[in-house]
Amino acid sequence: LPFSAAANLRPGAEQKVVFITARVHPGETPSSFVCQGIIDFLVSHHPIAKVLRDHLVFKIAPMLNPDGVYLGNYRCSLMGFDLNRHWANPSPWAHPTLHGVKELIIDMYNNPKINLEFYIDIHAHSTMMNGFMYGNIFEDEERFQRQAVFPKLLCQNAEDFSYSSTSFNRDAVKAGTGRRFLGGLLNDTSYCYTLEVSFYSYVLGGTTSAVPYTEEAYMKLGRNVARTFLDYYRLNSLVEGPLAPTPKTR
């Protein structure tokens with residue numbers, strides 16, 4: 001579908017787009033709860049959510065592998081493809097969801113009225129603890145440093161997010177992933193990440209005890225991802241009224 005002007009933005013506002021996808025691997029169910037937390041927060045009456053809606057366009061594809069989810073597959077689609085290895089050349093027949101999302105992203109990228117600034121693909125990890133990110137490696141040192149800003153800010157907002165586990169790589173095995181492919185396609189003002197969250201627990205800073213994840217804790221991470229855009233774009237001064245505290249979770 002053609003990308004139309006975002007009705008939520010202030011008149012004349014620059015169209016800055018944050019594109020979020022989840023559940024390309026159907027067995028990684030925590031990614032859906034994180035994505036749900038992002039969506040619920042963005043459409044809420046929270047004063048931060050209102051500021052974000054006024055200044056940013058969020059495009060969210062919450063399930064890139066619906067047939068794999070329906071079948072109960074762990075990693076593949078109905079036809080046995082790991083969709084997260086086919087971003088470079090997705091087939092409209094064999095990888096229709098990837099093909100459609102990629103076309104939409106490229107259309108936005110080629111639209112001079114739109115700045116596609118973030119791509120975040122949400123996954124779950126079976127061996128690591130906490131939430132963390134994968135980013136890309138660039139020859140330009142300044143671009144590489146700028147890419148680290150968002151996960152550093154997220155680490156300040158989310159007690160379960162680990163910057164020390166966040167890594168930036170150019171692993172050939174991951175070349176067909178959304179994060180790697182779009183990181184190579186988009187220009188140097190766009191940042192592409194894989195957001196990973198543990199299947200089972202997180203360890204709070206300064207402690208050694210693991211806290212089991214709950215559905216609510218996953219959704220809280222999603223809310224904190226959304227809130228971090230307020231810090232990234234320095235919109236804090238525009239928030240009206242006292243801020244509602246983020247619910248405590250264990």
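The residues of the chain are indexed from 1 along the displayed sequence.
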[atom1]/[X] to [atom2]/[Y] distance, rounded to the nearest 0.5 angstrom?
| X | Y | atom1 | atom2 | value |
| --- | --- | --- | --- | --- |
| C35 | I120 | SG | CD1 | 10.5 Å |
| N89 | S91 | CG | OG | 8.0 Å |
| C192 | Y119 | SG | OH | 8.0 Å |
| Q36 | Y218 | CD | OH | 15.0 Å |
| I105 | L116 | CD1 | CG | 6.5 Å |
| D160 | L204 | CG | CG | 8.0 Å |

Flag, side chain of [X] to backbone of [Y], donor-acceptor distance under 3.5 Å:
| X | Y | result |
| --- | --- | --- |
| T166 | S162 | yes |
| K102 | W87 | yes |
| N111 | D107 | no |

Co-membership, hydrophobic cluster, residues [X] and [Y], 4.5 Å side-chain:
| X | Y | result |
| --- | --- | --- |
| V43 | V239 | no |
| M108 | L64 | yes |
| V51 | I48 | yes |
| V34 | V203 | no |
| L221 | M63 | no |

Could you check if a side-chain atom of [X] sits within less than 4.5 angstrom of a side-chain atom of [Y], using non-hydrogen atoms only?
| X | Y | value |
| --- | --- | --- |
| N65 | N84 | no |
| M133 | F168 | no |
| F19 | V101 | yes |
| I114 | K16 | no |
| K59 | V57 | yes |
| L78 | Y70 | no |
| Y213 | P30 | no |
| Y202 | M129 | no |

Residues in salt bridge (Lys or Arg N to Asp or Glu O under 4.0 Å) with D40, at least two apart?
none
[Y] and [X] side chains, donor-acceptor separation under 3.5 Å:
| X | Y | answer |
| --- | --- | --- |
| S126 | Y200 | no |
| R23 | S31 | no |
| N157 | T228 | yes |
| N73 | H25 | no |
| E196 | H123 | no |

Apply the test side chain to side chain contact (heavy atoms under 4.5 Å, CB included) to residues D67 and S77: give CA-CA distance (whole Å), side-chain angles for both, the deciding distance (0.1 Å), then the verdict.
CA-CA 6 Å; D67 48 328; S77 65; 3.8 Å; yes
Any ring pair (Phe, Tyr, Trp, His ring centres under 6.0 Å) pairs touching residues 219-239, not counting sequence neighbours?
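Counting only pairs at least two positions apart or across chains, the ring pair (Phe, Tyr, Trp, His ring centres under 6.0 Å) contacts touching residues 219-239 are F58-F229, F118-F229, F118-Y232, F150-F229.
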Please step through side chain to side chain contact (heavy atoms under 4.5 Å, CB included) for the pair T21 and I122, ending with a clear verdict.
CA-CA 6 Å; T21 57; I122 308 174; over 6 Å; no
Worked verdict on R223 versus E216 for salt bridge (Lys or Arg N to Asp or Glu O under 4.0 Å):
CA-CA 10 Å; R223 293 195 293 272; E216 169 57 30; 2.7 Å; yes
Give the intermediate values and the outcome of side chain to side chain contact (heavy atoms under 4.5 Å, CB included) for residues L238 and H55.
CA-CA 10 Å; L238 301 178; H55 290 82; 3.4 Å; yes
Please assess Y193 against D121 for the test side chain to side chain contact (heavy atoms under 4.5 Å, CB included), listing each intermediate value before the final yes or no.
CA-CA 6 Å; Y193 305 94; D121 189 27; over 6 Å; no
Once side-chain hydrogen bond (donor to acceptor under 3.5 Å, both in side chains) is applied, do any residues pair with S198, and if so which ones, sequence neighbours excluded?
none
Shortest non-hydrogen contact between [X] and [Y], atoms and distance:
| X | Y | result |
| --- | --- | --- |
| A210 | S201 | CB-OG, 3.6 Å |
| F161 | P151 | CE2-O, 3.4 Å |
| I38 | G222 | CG1-O, 3.2 Å |

Are H95 and F81, when compared by the centres of their aromatic rings, separated by less than 6.0 Å?
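Yes, they do, as the ring centres are separated by less than 6.0 Å.
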